[in-house]
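Reading through the structure tokens given below for one structure.
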Amino acid sequence: IHTGRVEHVKPHEHMSCVMSSPGEIARVYKELSLYPSLSRADVGPVITSQYGGKYSNIYTEWSQRDLERNENVKFCRQYIVFHDDKSVVYSGASGNCTEIKGEVLSKDSPSGDMKAVVRESSVKGEDKQFLEVWSKNIKMKSINLSALKKHGKVYDDAQFGCLVWSHSETHLLYVAEKKRPKAESFFQSPELSGVGDEEDTIRTGKKDTVKGEQFVFHEDWGEALGDKSCPVLCILDIEGDFVSVLDGLPDDISPGQAFWAPGDTGVVFIGWWHEPFRLGLKYCPNRRSALFYMDLTGGKCEQLSSGKTSVCSPRLSPDQCRIAYLECSVYGPHMQCSKLCMYDWYTKKTSVVVDVIKRPGKDGFTGIYSSQLSPQCWSADSQRIIFACPQRSRKDLLMVDINTGRCIQQRFLISESDIGSWCLLNIERDLMVVSCSSPNCPPSLWVGFLPGIDSQENVDWVTLEDSEKLQDVDWQILTFTPPSEDDNSQYSNLEFDALLIKPKEVKDEVKLPLIVTPHGGPHSVIVAEWLLSSAVLCRMGFAVLLVNYRGSIGYGEDSIYSLLGNVGTQDVKDVQFAVESVLKSGSIDEQKVAVSGGSHGGFLACHLIGQYPGFYKACVARNPVINMASMIGSTDIPDWCMVEAGFVFNTDCLPDAAEWEKMLNISPIKYVSQVKTPVLLTIGEDDKRVPNKQGIEYYKALKARQIPVRLLWYPGNNHSLSKVDAESDGFMNMVLWMIQHFSD
Ligand SMILES: CSCC[C@H](NC=O)C(=O)N[C@@H](CO)C(=O)O
């Protein structure tokens, strides 16, 4: 029986090809975690040099794990790109990297003359937020937003947050938490009331406090948005130094993703309905929402989209005539195939530019699977929209002509390189900034001009920041057709893929240990991009199989829908089928197969060890869904449980006994008595998506059956376990657990 402690692993005869010393593994992890990833790129205005040459500055932001400081550090680097508006003539970095500290949000003005920054800074030991306006080398304004007390903290998340200059560059628009009156106890003595709130008392002469509200529950927007409850739209009048909070919005919606309407006549935003209660938003672009316009001249708020769907990522065309946005249906699977829609500002007509793709056609286009377009996504002629999104197991760069709705791939590099995935960081005046990566190649930064609408030319990509390929890592995409007995009769003939990442040049007699990793979601996908853990595992001598079972996004909407009501069977069988197919190749050691996954991937890992007892020698599950029936009352997305179990979700109805029974029957807990595999559970204390009690439920069930189980508890971590120490500790413990149990 396992003692709960990881014994130092002695190199085993069969393990001779796998690195097993914790010190050595940590060294490889540290080395490969040095590769940064790109999070943002802004293209500056066109400047004409004194010699007549034109150039633009590119501002980029990167993020990198700093294991010593236990932080993800953010830094910036600028590049200069000389061009003739059609092609890049010369480019290079201008200066070194600078770490960014304290910046919550930042944005250059459209002319490039000014920069706005929301900064967090500590004043006399207290965190305050400032809104700064910089011009040339001068900080023109530094407005203490905390002292103004017009609103709470400024939102910096991708869901609601924004910082947008008006076209006239006189106003700034952002989203913040609504001001909440100060709550105090019924027993607060009058003389102490308002202590610590001197500024307010001095400024207003009265204390803005309410008694008895101290312990009132405030709903939040769920996982990773626990500090967001009532967003409000705020405007700073730069000249007048005046912040106003917009009123006149419908009471039952929460605004975000705002921008200035053509001519600065008002603001356009997405509003999410929050009645009868808020449902988690992270990874859930299927929440009822609409596009709204708040007219600042007449004070009227108008709804621009139907209100029967879910919309996100509105982007105004350069000619300011159209707004493109993504749309999908409400509830149903969390991630779906989206429509690309367009609202014409002048005719007020909405059209669908790209519709849902149920099954990919001959052109190979599988549909749009994205909940966020890049900050700018339009071509300069306002006729085309560029975006990157999963297409099967790769993330591709795509262009759509708004007149025909035809999608074209912009992957000229594909013939001469093996880039796995593309990410469009931005496009401005047809200059595209992209980041590319593969499982054996960390992210690199490229620029290229979009050819004219009638041009047949390929993009001439130029690298701004290269990255070195890991010569010892190999990857391939495998495609599987499920055996006929596992075909889905309602959605038949669906294929699925898996990514196999392996050490290169393995000696013939060596058989590799295999780590099987089904992704979470389940409507998500693993694309062929840089994945730190897979690269480290490969360096250590493992093969890694990442399975995009039926139900993954990027394969057409039918694939997504095929899984509803079939979780715990169809997805489990697909993963097992992929694993057994790979084992047939003969390059894998069948006695050293382990499974690991997070969330729904953890649900699958636990199902696999329950349904195939003894097949997997070790299992590692991060915040796994263990019992859908017990989770429905505590997760931030109860609709997920109903929908994945094959039922319709309604905010006002409780599951009936049969529905509850099915949720239990399709959960991994149902198979716990068959489990033989040792299980390592990694649990985030603050997980709102899969509450930590799920992991504990499994832990107790395994302990009761004398199955080796170890639970790692990460305080201050949520569902993703992505804090630097949790992620790195989770990785180390995962590999040591596997190595230990491979030699059992
Ligand atoms: C009620 S939890 C459902 C599982 C979860 N789905 C959406 O959040 C999940 O699997 N999440 C994935 C990301 O999609 C993860 O890896 O955490």
Side-chain angles (χ1 to χ4, degrees), residues 158-159 221-226 278-287 310 328 331-336 369-372 390 517-527 529 531-534 546-549 551-554 560 563-564 567-568 571-572 575 595-607 620-647 649 655 663 666-669 681-684 686-695 697-698 714 717-723 726-727 730-731 734:
Q159 185 68 46
W221 285 99
E223 173 60 19
L225 296 167
R278 288 163 179 75
L279 282 162
L281 276 182
K282 178 117 180 144
Y283 305 129
C284 304
N286 62 338
R287 303 291 177 228
S310 169
C328 68
Y331 302 143
H334 281 267
M335 293 292 289
Q336 306 171 11
Y369 304 90
S370 173
S371 49
Q372 203 177 10
T517 307
H519 62 73
H523 311 297
S524 163
V525 68
I526 294 268
V527 291
E529 63 186 357
L531 302 159
L532 173 65
S533 60
S534 301
L546 304 132
V547 188
N548 289 327
Y549 46 86
S552 304
I553 57 169
I560 296 174
L563 189 55
L564 306 186
V567 292
D571 43 5
V572 174
V575 176
V595 62
S596 117
S599 195
H600 185 85
F603 169 95
L604 290 175
C606 297
H607 258 303
V620 182
R622 166 191 50 93
N623 293 320
V625 175
I626 293 301
N627 181 345
M628 288 164 76
S630 67
M631 195 180 72
I632 191 167
S634 57
T635 172
D636 65 329
I637 55 169
D639 58 316
W640 182 93
C641 303
M642 290 294 280
V643 169
E644 296 306 330
F647 306 117
F649 174 75
M663 284 189 272
I666 61 175
S667 294
I669 196 76
L681 295 160
T682 58
I683 303 297
D686 305 332
D687 190 342
K688 283 176 180 272
R689 178 101 345 150
V690 180
N692 56 50
K693 296 287 184 294
Q694 286 286 301
E697 194 174 325
Y698 205 51
Y714 295 98
N717 274 270
N718 56 25
H719 189 54
S720 58
L721 288 192
S722 55
K723 289 204 170 163
E727 185 194 35
F731 178 83
M734 172 184 81

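Remember, predicted model here, so these are calculated numbers, not experimental data. Note that ligands are numbered from 1 as they come in the structure, with each ligand's atoms numbered from 1 the same way.
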Met631: numbered ligand 1 atoms lying under 4.0 Å from its heavy atoms: 1 (C)

Hey, are Asp636 and Lys688 close enough for a salt bridge, meaning a charged N less than 4.0 Å from a carboxylate O? no

Just let me know how Asn623 lines up against ligand 1, side chain, backbone, both or neither, with a heavy-atom cut-off below 4.0 Å. neither

Answer yes or no: is there a donor N or O on one side and an acceptor on the other, between the side chain of Ser552 and the main chain of Tyr549, under 3.5 Å? yes

Quick one: look up the protein heavy atom nearest atom 6 (N) of ligand 1 and list residue, atom name and how far away it is. Gly521 O, 3.0 Å

Whether Glu697 side chain and Asn627 backbone form a donor-acceptor pair below 3.5 Å: no

Please state whether Glu223 comes within less than 4.0 angstrom of ligand 1, counting heavy atoms only. no

Should Gly601 be listed as contacting ligand 1, given a heavy-atom distance under 4.0 Å as the test? no

If the contact criterion is a heavy-atom separation under 4.0 Å, does Arg622 count as touching ligand 1? yes

Only heavy atoms of Thr635, strictly under 4.0 Å: list the atoms of ligand 1 that pass. 1 (C)

Within the 4.0 Å heavy-atom cut-off, what His719 brings close to ligand 1 is side chain

Distance (rounded to the nearest 0.5 Å) between His334 NE2 and Arg287 CZ: 5.0 Å

If you have a sec, work out which protein heavy atom is nearest atom 11 (N) of ligand 1 and how many Å separate them, to one decimal? Ser599 OG, 3.2 Å

Please name the pair of heavy atoms, one in Val595 and one in Pro518, separated by the smallest distance, quoted to 0.1 Å. CG2-CD, 4.1 Å

Tell me yes or no: between the side chains of Asn623 and Asp687, is some donor less than 3.5 Å from an acceptor? yes

Between Asp571 and His600, is there a side-chain donor-acceptor contact under 3.5 Å, judged purely by atom types and distance? yes

